[in-house]
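Residue numbers count from 1 along this sequence.
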Amino acid sequence: MMIKTLLAGTSVLSLCSPLFAAEQLNPIVVTATRTAETVNESLAPVTVITREDLLRRQVQSLQDALRTTPGLTLVNNGGPGKATSVLLRGAESDHLLVLIDGIKIGSASLGTSAFQDIPVEQIERIEIVRGPRSSLYGSEAISGVIQIFTRRGGGETRTDLNLDLGSEQSHGTSAALSGGGERASFSISGAYSDTDGIDACRGKPGLDGGGCFTVEPDRDGYRNDSLSMQAGYRFELPLEIELRALRSTADNEYDGDFVNESDVLQQVVSGQMRYLPDRDWGLTLSAGRSWDGLDSFKDGQFQSRFNTRRDSLSLLGDYLPHEDHQFTLGYDYEQEQLDSNVDYTYTERDNRGVFVQYQGRLAQQDLQLSLRRDEPQRFDAHSTGSIAWGMTWSDDIRTTLAYGTAFKAPTFNDLYYPFFGNPDLQPETSKTLEFGLSGPLLDGQWSANLFRTEIDQMIGFDATYLPSNIDQARIDGLELVLNTRYGAWLLNSNLTLLDPRIRSAGENRNNRLPRRARSAFNLDLDRSFGRYSLGLGFSAEGRRYDDLANRIELGGYGLLDLRGGYQLGKSWRLQGRVENLTDKSYETAAWYNQPGRSYYLSLHYGS
């Protein structure tokens, strides 16, 4: 492990070139430790999705890109653009921290991120870290962290164009221009997509109803416009700066008893300055703001507004007394604000966090220690920590052992929503123990990770129907991953086995947490034939329950996708994709429909 080389090398890569390429087997990642390291050196399980992966798989949305991640479950409420929850390692959707270019996003009122409204056309790469990361990031990182990096430039000037057509009158276009040369980088990218959609919900009205609690048999469309920009420069002095911005607006139609249309805004602006006077130490200053906007309507009549804003500032200092030892000291500040037509008791709060991390190597052993102290406004100070150890044996077989604690602060809705909030709530807490084993196979890697997560002080509803810290859960899981290349064949596969149990006292004790399948399998197989390429994707999930009482059962399902491409010339490529080839009818949430067999065709130009 050459930490000094990585610290210097990543500063150049971040401004001058994409961090990953299709042939790169051991890319550099930054999310797991907030410092640069290779995937194979990470003591946490990390999945990397590159721009090349998105193009090869002909991904249509961010949730489609995430779908094959080990340990990850998607819950979608009715097709493209509809509310999508991401459950990582069986935890709740608000137990997952989501970042765009290092800036925390998501709704401060709901506590979740609108994955469905982040356009995949604006994404350069995605890093998914599984396991607790509160000791580095603070609140929400109980099950892991997903960091999305937007498009960026560097090198020669490049133009990208894409045209898409598909089922349900779907169509879209995107264009990007990037470049900058050796020291500078710039990128500007715009995209538009539109679909008539499907009938999102076949709800059941009445007091004993379900789903959307209404019957509105119609197509529920979705439209999205987006723009991203990036600019950076590496000076002769040991100083680098970078600015980034992403804006996405959407119009979403759906079925609902109280609202059935929303105008959505997702926006992030950020800047970073990195000072590296020598190879022994460096400073990184980052600042940014994210917006999550939601205006909802019923048949065109305004009903509600929930607009939240997050401001953040981070200062990190790295000290390397030796190439195999690194210390990181960090300070984070965050402020959340809420603007709504609902009268909340409080609409603003902040948090200050300080952390220290050590990463080191001794012979064939790796060690990572981290400790963090957060001071969230109107709560007691909260401490979290983690320790991870790794040992590389003969034949490059590696063993890892890790333990970490995490927490998640209540949202504005949990605390202050009129008549349904409880200002006495305390943060949810967790502890996770994990054992891992990994090694090389052909031109790739295999891994196995066994974990147990126990979550306490979970927010549930008491006898007065107010949120309280009364719930507990225990989640046991096993993740098996095999990614390899053999000649012209590329194989990516994983199997997740999960036992997510309710541990709260009461009649639901030992029931399974809702909407989590006990087993999930993903397979992607691709092969190139000169100008031609063919690919197959298969995803299968077992049955699950939709409720805490485990009375409403959702059946298991398997989805088969086929894709192909043809290189028309040096810069032009034609691609086609069939999703859900067998036209399987399935649900990830009760009463909410999912698309049947779908067809997509795209024409791509890349200079």
Side-chain angles (χ1 to χ4, degrees), residues 62 76-78 80-85 93-94 98 100 103-119 139-140 194 197 200-201 203 211-214 216 220-227 245-269 288-312 334-351 377-378 409-423 425 459 466-467:
L62 175 56
N76 174 265
N77 289 3
K82 304 306 174 278
T84 300
S85 299
S93 57
D94 58 357
V98 184
I100 291 183
I103 305 301
K104 183 186 293 188
I105 68 166
S107 168
S109 56
L110 286 176
T112 56
S113 299
F115 289 90
Q116 67 277 1
D117 298 314
I118 302 172
S139 176
E140 299 173 35
D194 191 343
C201 177
C212 52
F213 295 92
T214 188
E216 299 177 4
D220 296 297
Y222 178 76
R223 285 156 291 283
N224 186 290
D225 297 276
S226 62
L227 176 70
L246 169 67
R247 179 180 175 87
S248 171
T249 59
D251 180 16
N252 189 20
E253 300 169 355
Y254 46 93
D255 298 327
D257 192 15
F258 298 104
V259 293
N260 56 14
E261 183 180 356
S262 293
D263 291 337
V264 180
L265 168 69
Q266 294 291 314
Q267 184 168 288
V268 184
V269 294
R289 171 177 289 182
S290 67
W291 293 262
D292 182 287
L294 179 66
D295 290 347
S296 298
F297 306 83
K298 175 64 175 180
D299 298 330
Q301 297 297 314
F302 174 81
Q303 298 295 320
S304 63
R305 180 184 70 255
F306 295 94
N307 297 332
T308 64
R309 190 184 78 192
R310 280 174 162 155
D311 294 325
S312 58
E334 178 184 324
Q335 184 184 71
E336 296 178 336
Q337 292 186 345
L338 169 65
D339 174 30
S340 174
N341 64 323
V342 176
D343 187 16
Y344 287 78
T345 306
Y346 295 100
T347 59
E348 182 177 317
R349 66 182 181 182
D350 60 28
N351 179 73
Q377 188 176 10
R378 302 187 184 93
T411 66
F412 281 107
N413 281 3
D414 294 330
L415 295 165
Y416 310 123
Y417 198 92
F419 307 109
F420 294 97
N422 180 1
L425 288 173
I459 297 173
L466 290 178

(request) Taking side chain to side chain donor-acceptor pair (under 3.5 Å) as the test, write out the residues that go with Gln337, two or more places apart. (result)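 Gln337 satisfies side chain to side chain donor-acceptor pair (under 3.5 Å) with Arg309, Gln335, Glu348 once adjacent residues are dropped.
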
(request) Would you please name every residue forming a side chain to side chain donor-acceptor pair (under 3.5 Å) with Asp255, sequence neighbours left out? (result)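 Checked Asp255 against side chain to side chain donor-acceptor pair (under 3.5 Å); zero matches.
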
(message) Which residues pass the ring-ring contact (aromatic ring centres under 6.0 Å, His included) test with Tyr416, not counting sequence neighbours?
(response)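 Result, ring-ring contact (aromatic ring centres under 6.0 Å, His included) vs Tyr416: Tyr346.
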
(request) List in chain and number order the residues that pass ring-ring contact (aromatic ring centres under 6.0 Å, His included) with Phe306, two or more places apart in sequence or in another chain; answer none if no residue qualifies. (result)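 Residues passing ring-ring contact (aromatic ring centres under 6.0 Å, His included) with Phe306: none at all.
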
Using distance only, find each side-chain donor-acceptor pair of residues 259-266 under 3.5 Å and give its atom names and separation, not counting sequence neighbours.
| from | atom 1 | to | atom 2 | distance (Å) |
| --- | --- | --- | --- | --- |
| Asn260 | OD1 | Asp299 | N | 3.0 |
| Asn260 | ND2 | Asp299 | OD1 | 2.8 |
| Ser262 | OG | Tyr254 | OH | 2.6 |
| Ser262 | OG | Ser296 | OG | 3.2 |
| Gln266 | NE2 | Asp292 | OD2 | 2.7 |

Can you list the residues that meet the salt bridge (charged side-chain N to carboxylate O under 4.0 Å, His left out) rule with [X], with sequence neighbours excluded?
{"X": "Arg305", "result": "Asp339"}
{"X": "Arg310", "result": "Glu140, Glu334, Glu336"}
{"X": "Asp350", "result": "Arg352"}
{"X": "Asp194", "result": "Arg223"}

Who passes side chain to side chain contact (heavy atoms under 4.5 Å, CB included) against [X], sequence neighbours left out?
{"X": "Pro119", "answer": "Glu121, Gln122, Asn224, Ser226, Ser248"}
{"X": "Asn413", "answer": "Ser109, Leu110, Tyr344, Thr411, Tyr417"}
{"X": "Ser93", "answer": "Ser85, Leu87, Thr112"}

(request) Please confirm whether the backbone N or O of Gly111 pairs with a side-chain atom of Asp94, one donor and one acceptor, at under 3.5 Å? (result)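 Side chain of Asp94 to backbone of Gly111: no pair is present.
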
(request) Keeping the roles fixed (side chain from Ser290, backbone from Lys104), state whether a donor-acceptor pair exists under 3.5 Å. (result)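 Here the side-chain-to-backbone pair exists.
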
Considering only heavy atoms from C-beta outward, does the side chain of [X] approach that of [Y] to under 4.5 Å?
{"X": "Ile459", "Y": "Pro410", "value": "yes"}
{"X": "Pro467", "Y": "Leu425", "value": "yes"}
{"X": "Ile118", "Y": "Ile100", "value": "yes"}
{"X": "Val342", "Y": "Ser304", "value": "no"}
{"X": "Lys82", "Y": "Tyr222", "value": "yes"}

(message) For Pro423 versus Gly421, what's the shortest heavy-atom pair and its separation?
(response)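 That closest heavy-atom pairing would be CD-O, 4.0 Å.
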
